[in-house]
Amino acid sequence: MTQQQYIDASLSNSPALLLEQASELAIIQDKTQTPAEKALMLKQHELSTIIEYCQSTSRNIDFLISTLGQLQLERQQINSQSLLVDNQNMLQFAGILSILLSSLKTSINSIESSCKMITSSYC
């Protein structure tokens, strides 16, 4: 396990940690305030922590999507009589999970980008 994988594993509950930052996330995503105004309302270490959570979550999502693809490829090599889930249900599951993960990643990337814009206002 690489150091980055270890860090990501230790932050595997990042989505839950992000949800605990709901008040900060509301300020970050508020479209009526400028980054400078948001910077006055948020502490720099809060933003740094949220950025770290976002990056870790994004890497974990990438890993999950990649592994899902690999599992689907491996599945093609397994005798169909030994499968517990038929191919149609597996494809449906994989499609739904992939869409959910991609949607979550888009939201996470948006939060991270907004945090970085606010962070640049501190300089």
Side-chain angles (χ1 to χ4, degrees):
M1 181 179 273
T2 67
Q3 182 179 7
Q4 191 58 54
Q5 288 171 323
Y6 178 78
I7 292 169
D8 289 341
S10 68
L11 293 173
S12 61
N13 62 341
S14 295
L17 295 171
L18 282 171
L19 290 175
E20 290 177 3
Q21 307 294 320
S23 60
E24 290 85 358
L25 291 175
I27 294 169
I28 291 165
Q29 295 298 89
D30 185 355
K31 305 291 185 211
T32 63
Q33 296 178 342
T34 68
E37 291 170 324
K38 293 175 187 180
L40 293 173
M41 298 167 51
L42 297 165
K43 297 179 179 125
Q44 194 166 7
H45 76 274
E46 292 172 333
L47 289 170
S48 296
T49 300
I50 291 171
I51 290 170
E52 184 178 343
Y53 292 162
C54 288
Q55 291 171 341
S56 175
T57 300
S58 183
R59 285 188 296 270
N60 283 330
I61 289 170
D62 288 342
F63 172 76
L64 290 172
I65 290 173
S66 172
T67 302
L68 181 60
Q70 292 171 359
L71 289 171
Q72 287 180 284
L73 290 174
E74 277 184 0
R75 180 180 171 82
Q76 294 173 0
Q77 306 302 320
I78 297 173
N79 182 347
S80 63
Q81 293 176 344
S82 61
L83 296 175
L84 298 175
V85 178
D86 67 26
N87 285 332
Q88 183 178 353
N89 285 340
M90 183 60 184
L91 285 173
Q92 184 179 11
F93 167 79
I96 291 170
L97 182 58
S98 182
I99 289 168
L100 290 172
L101 290 171
S102 295
S103 177
L104 176 60
K105 185 170 180 174
T106 298
S107 296
I108 295 294
N109 289 344
S110 173
I111 292 167
E112 181 182 355
S113 177
S114 296
C115 285
K116 287 179 177 179
M117 285 178 51
I118 297 166
T119 301
S120 68
S121 297
Y122 287 114
C123 300

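Nothing fancy with the numbering, it's 1 onward along the sequence.
- In the hydrophobic clustering of this structure, Leu25 groups with Met41; members are Ile, Leu, Val, Met, Phe, Trp, Tyr whose side-chain heavy atoms approach within less than 4.5 Å, directly or through other members.
- Considering all non-hydrogen atoms of both residues, Ser121 and Ala36 come closest at OG-N, 3.5 Å.
- For the side-chain hydrogen bond (donor to acceptor under 3.5 Å, both in side chains) condition, the pairs that include at least one residue of residues 62-73, sequence neighbours left out, are Asp62-Lys105.
- Taking every heavy atom of both residues into account, Ile51 and Cys115 meet most closely at CG1-CB, 3.5 Å.
- Cluster annotation: Ile108 is connected to Ile65 through the hydrophobic network of ILVMFWY side chains, with a link wherever side-chain heavy atoms come within less than 4.5 Å.
- At distances below 3.5 Å, at least one donor-acceptor pair connects side-chain atoms of Glu46 with backbone N or O atoms of Lys43.
- Within the model, atoms CZ of Phe93 and CG of Leu68 stand 6.5 Å from one another, a figure rounded to the nearest 0.5 Å.
- Between the OG atom of Ser48 and the CG atom of Leu42 there is a distance of 11.0 Å, given to the nearest 0.5 Å.
- When only modelled atom types and interatomic distance are considered, Glu112 and Ser58 share no side-chain donor-acceptor pair under 3.5 Å.
- Distance check: Asn60 CG to Gln55 CD gives 12.0 Å after rounding to the nearest 0.5 Å.
- In this structure, Glu24 CD and Leu47 CG are separated by 8.5 Å, a value rounded to the nearest 0.5 Å.
- Considering all non-hydrogen atoms of both residues, Ile111 and Ile28 come closest at O-CG2, 4.2 Å.
- The cluster map of Ile, Leu, Val, Met, Phe, Trp and Tyr, joined by side-chain heavy atoms under 4.5 Å apart, puts Leu71 and Leu64 in different clusters.
- A 6.0 Å sphere centred on CE of Met90 holds more than 12 heavy atoms belonging to other residues, nucleotides or ligands.
- The backbone N or O of Ile99 sits nowhere less than 3.5 Å from a side-chain atom of Ser103 that would complete a donor-acceptor pair.
- When each of Thr106, Leu101, Asn109 is paired with Ile61, the side chain to side chain contact (heavy atoms under 4.5 Å, CB included) condition holds for Leu101 and for no other.
- Here Thr32 pairs with Asp30 under the side chain to side chain donor-acceptor pair (under 3.5 Å) rule; sequence neighbours left out.
- Heavy atoms only, all atoms of each residue included: Ile118 and Lys38 are closest at CD1-CD, 3.5 Å.
- Panel note: side chain Ser102, backbone Ser98; a donor-acceptor pair is recorded below 3.5 Å.
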